[in-house]
Protein chains: 2
Amino acid sequence: MPLSELHIAVRLLPIPRVWLTTHMPSPTRTLSTAEERREDVLSTAIGAFASRGYFGTTTVDVAKRAGISQAYLYRLFPDKESLFAAVVERSFERIRDSISKAAASTEGTSPEVVLSSMASAYAMLIRDQDLLLVQIHAQCAAVSVPEVRRAVRSGYARLVEYVRSVSGGSEEQVQQFFARGALCNLVVTMGAEDLDTPWATTLAAGLRH
Amino acid sequence: MPLSELHIAVRLLPIPRVWLTTHMPSPTRTLSTAEERREDVLSTAIGAFASRGYFGTTTVDVAKRAGISQAYLYRLFPDKESLFAAVVERSFERIRDSISKAAASTEGTSPEVVLSSMASAYAMLIRDQDLLLVQIHAQCAAVSVPEVRRAVRSGYARLVEYVRSVSGGSEEQVQQFFARGALCNLVVTMGAEDLDTPWATTLAAGLRH
DNA sequence: CAGGAGAGTGGTTGATCACTCACTCCGGTG
DNA sequence: CACCGGAGTGAGTGATCAACCACTCTCCTG
């Protein structure tokens, strides 16, 4: 077995164990638990999927960003589809957390104030673009990837019901909230806020307070 | 040269020339001009890119739908990027054509009427989903594909200025028009209009007249 | 009818994809 | 200390990708 021998020979070389991740789980432990790793992957994968989308992002890239091998990525998640769906769910949670904080700070006021507060919280949140881009990429992938479709629908379901209940706004007000949110997404993806043309300023007017 | 001989032998078989495309350019001509072919490709490619987006759609698929070889696709367009950008420009034109017809039918009335007419024209237009999906996929690809970014920006530039001039509406009204358009896109991609849940009906309320 | 320009294709290339397998290493337990 | 389960990986797999090239076929013109 020359191949096997070669393999052993290579393995016997003193390869230093290098941790590419900045995460140091606990002083008494050099290995992470699978659950900790999954969390790492989920948070770093957002950046990967944000820049190139579901189809354009490779699992090698995701693994590299998380500081693990691609092989181990497939022990943490069954396939690319589930991985992306998990990332999408995760980013919906982040959005809900963010606007719920804004809602809490205006508790007991009018629907208009609560909605406006949540709207600017959202506008601030997506300034780093990662969350936003994953959102839109998910919207695209939802059409042809069943698991993603499921994640997007349940994400918006929760979001709409949350906004409705916490703001106490009317149907029209809630709808308007999401319409402006969608416009916000459009403006950011085009980079229209950095443009100084009439059409761009018209679209971006007042979206950021 | 056994390979060459095989090639010739295969070529000598009486292969009937089958036109997979429905386009019959002229009775006195069995070949299309390159320009006609480009048009064919552009219109069939919309369907291809709509379902899987820029990264997920293969050039083989695009060629197959147009009824030509993948090799010839690369004679008609320099690369995949330019091809997709051309498809995006094309779909922006279709949108502009559609809403301009609606605007023409309400000429001389108030901005509100013109905008409302254009809005429902847009809502009707994207019912086949292809135009809409290419639009959103383009929005995604715009982030990482320069040529697509250019196409999307110039598309919206023209669109915004056209809506502004033809409707005579205020900044807020024009912005509102595009906000509702973006919401419309979101609703359709999720298939929310077919859902009978409170959150879905809230988002989709009144978008289609 | 000769021949050249343009239409159109088969076959290939090197890279890269998602995914798998056989394997090693580490930490804790009896 | 023996050993076992889980963390983690190197080296692939076949498939598929965008892009390219050498080539044939069709049509028009002189």
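Letters A, B, ... are given to chains in the order of the sequence lines, protein chains preceding strands, and every chain is numbered from 1. Worth saying up front: this structure is predicted, and the values here are computed from it rather than measured.
A side chain to side chain donor-acceptor pair (under 3.5 Å) with B:Thr202 is found for one member of A:Glu172, A:Gln175, A:Arg164 and no other, namely A:Arg164.
Put simply, CD on B:Glu36 is 16 Å from P on C:dG6, counting in whole angstrom units. Regarding B:Phe77, its CZ atom lies at a distance of 18 Å from the C1' atom of D:dC20, rounded to whole Å. Straight-line distance from the CG atom of A:Asp40 to the C1' atom of D:dG8: 14 Å, rounded to whole Å. Distance A:Phe84 CZ to C:dC19 C1': 19 Å, rounded to the nearest Å. The NZ-P distance, from A:Lys80 to D:dA15, rounds to 19 Å in whole Å. A straight line from CG of A:Leu76 to C1' of D:dG8 spans 10 Å, rounded to a whole angstrom. Following rounding to the nearest Å, A:Asp61 (CG) and C:dA18 (P) show an atom-to-atom distance of 10 Å. Rounded to a whole Å, the CG atom of A:Leu73 is 13 Å from the C1' atom of C:dT20.
Among the atoms of the strands shown, base atoms are found under 4.0 Å from some heavy atom of A:Ser69.
If you check distances only, the side chain of B:Arg75 does reach the base of C:dG8 with a donor-acceptor pair under 3.5 Å.
Of the listed nucleotides (D:dT9, C:dG11, C:dG8), C:dG11 has the atom at the smallest distance from the side chain of B:Gln70. Proximity note for A:Ile68 (side chain, C-beta onward) versus C:dA18, D:dA18, D:dT9: the nearest is D:dT9. The listed nucleotides are C:dA18, D:dA19, D:dT9; the one nearest the side chain of A:Tyr72 is D:dT9.
Here A:Tyr74 does not reach the OP1 or OP2 of C:dT20: none of its side-chain N or O atoms lies under 4.0 Å away.
No side-chain heavy atom of A:Leu133 sits under 4.5 Å from any side-chain heavy atom of A:Val188.
Comparing A:Thr57 and A:Ala71 by the nucleotide of DNA chain C that holds the closest heavy atom to each, the one mapping nearer the 5' end is A:Thr57.
Look at B:Arg90 and B:Glu93 and you find no salt bridge, because none of the NZ, NE, NH1 or NH2 atoms lies under 4.0 Å from a carboxylate O.
Classified by interplanar angle (parallel below 30°, tilted 30° to 60°, perpendicular above 60°), the ring pair A:Tyr54/A:Phe84 is tilted.
If you check the side chains of A:Asp97 and A:Ser100, you find no donor sitting under 3.5 Å from an acceptor.
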